[in-house]
2 protein chains.
Amino acid sequence: MARKPADQAVNRHDILIAAANVFRRKGYHGTKMADIAAEVDLTAGSLYHHFPDGKQQILREVLTDGLAMVTAEVQAIVEDNTLTPDEKFRKAVYAHIMALAQNVSVAAALVFETRNLLEDQSARDSYLQRRDSFEQLYRQVIHEGIEAGVFRHVDVPIFTKALLGSNNWVGVWFRPTGRLSGEEVAMEIADVFLNAVLIKT
Amino acid sequence: MARKPADQAVNRHDILIAAANVFRRKGYHGTKMADIAAEVDLTAGSLYHHFPDGKQQILREVLTDGLAMVTAEVQAIVEDNTLTPDEKFRKAVYAHIMALAQNVSVAAALVFETRNLLEDQSARDSYLQRRDSFEQLYRQVIHEGIEAGVFRHVDVPIFTKALLGSNNWVGVWFRPTGRLSGEEVAMEIADVFLNAVLIKT
DNA sequence: CTGTTAATCAAATCACGATTTGATTATAAA
DNA sequence: TTTATAATCAAATCGTGATTTGATTAACAG
């Protein structure tokens, strides 16, 4: 009945990656449908075959997929209850930064393009809600550490914002070709925040 | 010879503030000249009287003025050599965040709109250079603390990026009507990063 | 083979929004 | 008062870029 995609045919995922790349270079509004199309050797019109709702839909999917990816990484660690609070915290931050460093374009989109989602009231709300849930993961980890008596009594919401700010920012400045690898950066930043919360012995 | 501005006439500064406000709501590309004009009760065309180079010039001035303002605040503290390294660090972070919290729209522009400056090769380069100088201020302070033996041997560039990430992010989420005042937020975050670098006793 | 649907393209559409232009008005200086 | 200039407006200009439309081609199902 239906036709199976041929090898050279582009798929939705290729387009989303391409879009994220262009978004990083030019920003959502600065990106033309033709730019995204060119990146995957198509014409602008052809994109509507894959994304009937056009540019806005592409942005929406770049962000939801990106957030889902990052969330999955962090959640896996948060749910591992064999870890002590400080190990859990360190690993969560490490995993978070690694996920961002390995997908810089998507990471940058998560920082810069979320604002351009402000149409589609429903789609946007559901995205923001998932973003809040992600933040909640960190609050929970920090809270557990405080309860367990290993973390200082920091203001959890503010500490979390500070942490997210640093991590998100990695998506803005990190370059795989830089002085340090993603692993090293992730390690260093995890260390900074762990030192910031740990009770001094 | 020339005419002195009447009381009700708008001036360049009013327009820049208005522009920053609209930028925060809609982003640079999402902002129409008419939007900025409306904010100060003018028509789009009239803006060209104050900013002959149009929208791009307005963005450029919002950013350069904003960066200059923030830099001035931090620099004043960095240059005060009566302060111990840890006091200097804490006060610099505090002043930085206070400056951002008191000018949220400008702060948000510094984060989100710098990318849209990517025209005017010269103007852009000079801006980026000043931004680097600002970052350099922090690196210096941290370096001094390490030399003085009061700070851990953190990776200075990475630690600085982490700090800037957190601080910049304040411009994104902070609302003057929120649970905590700018002072409280500034205090809390300064505390987080001070604890992160201070050598445990 | 033949028919059906997926993928793609080239060429319209169609709006929107930055900038320009040509008055018009207000105010300070003389 | 006059006059020059600043400040402003309303109405064109002029491109650009998202989306639509109507073919055209390709690959699988039968």
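Numbered from 1 within each chain, the chains take letters A, B, ... in sequence-line order.
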- Message: Is A/Ser46 close enough to C/dC9 that one of its side-chain N or O atoms is under 4.0 Å from OP1 or OP2 there?
- Response: yes

- Measure from the side chain of B/Thr43, starting at C-beta and using heavy atoms only, and say which of D/dA10, C/dT19, D/dA18 lies closest. D/dA10

- Under 3.5 Å, is there a donor-acceptor pair between the side chain of B/Glu188 and the main chain of B/Val185? no

- Item | Sugar-phosphate only, base, or nothing, as touched by A/Gly54 at under 4.0 Å among non-hydrogen atoms | sugar-phosphate

- Establish, yes or no, whether a centroid distance under 6.0 Å links the rings of B/Tyr138 and B/His96. yes

- Item | B/Lys55 side chain, from C-beta outward: closest of C/dA18, C/dC9, D/dA18 | C/dA18

- Message: Expressed as a whole number of angstroms, how long is the span from B/Ile36:CD1 to C/dG17:P?
- Response: 13 Å

- OH of A/Tyr48 versus P of D/dG17: gap in Å, rounded? 13 Å

- Salt bridge between A/Glu39 and A/Arg25, side-chain N to carboxylate O under 4.0 Å? yes

- Task: Go through D/dA18, C/dT8, C/dT19 for me and flag the one nearest to the A/Met33 side chain.
- Result: D/dA18

- Calculate the interatomic distance between B/His50 atom NE2 and D/dA6 atom C1'; express it in whole Å. 9 Å

- Note on the structure: Whole-Å distance, B/Gln56 CD to C/dT19 P, equals 9 Å

- Note on the structure: Rounded to whole Å, CG of B/Leu47 lies from P of C/dT21 at a distance of 17 Å

- Query: Nearest of C/dT8, D/dC9, D/dT8 to any side-chain atom of A/His49?
  - Reply: C/dT8

- Near-ring test B/Tyr94/B/Phe193, centroid separation under 6.0 angstrom: no

- Any idea which of D/dA18, D/dA7, C/dC9 is nearest the A/Lys32 side chain? D/dA18

- Query: Between atom CG in B/Asn116 and atom P in C/dA18, what is the gap in whole Å?
  - Reply: 13 Å

- Query: In whole angstroms, how far is the P atom of C/dA18 from the CZ atom of B/Phe51?
  - Reply: 15 Å

- Task: Mind calculating the distance between CD (B/Gln57) and C1' (C/dT19) to the nearest angstrom?
- Result: 14 Å

- Message: I'd like to know if the side chain of A/Lys200 reaches the main chain of A/Asn195, judged simply by a donor and an acceptor atom lying under 3.5 Å from each other, with no hydrogens or angles considered.
- Response: no

- Message: At 4.0 Å (heavy atoms only), tell me whether A/Asp35 reaches a base, stays on the sugar-phosphate, or touches nothing.
- Response: nothing

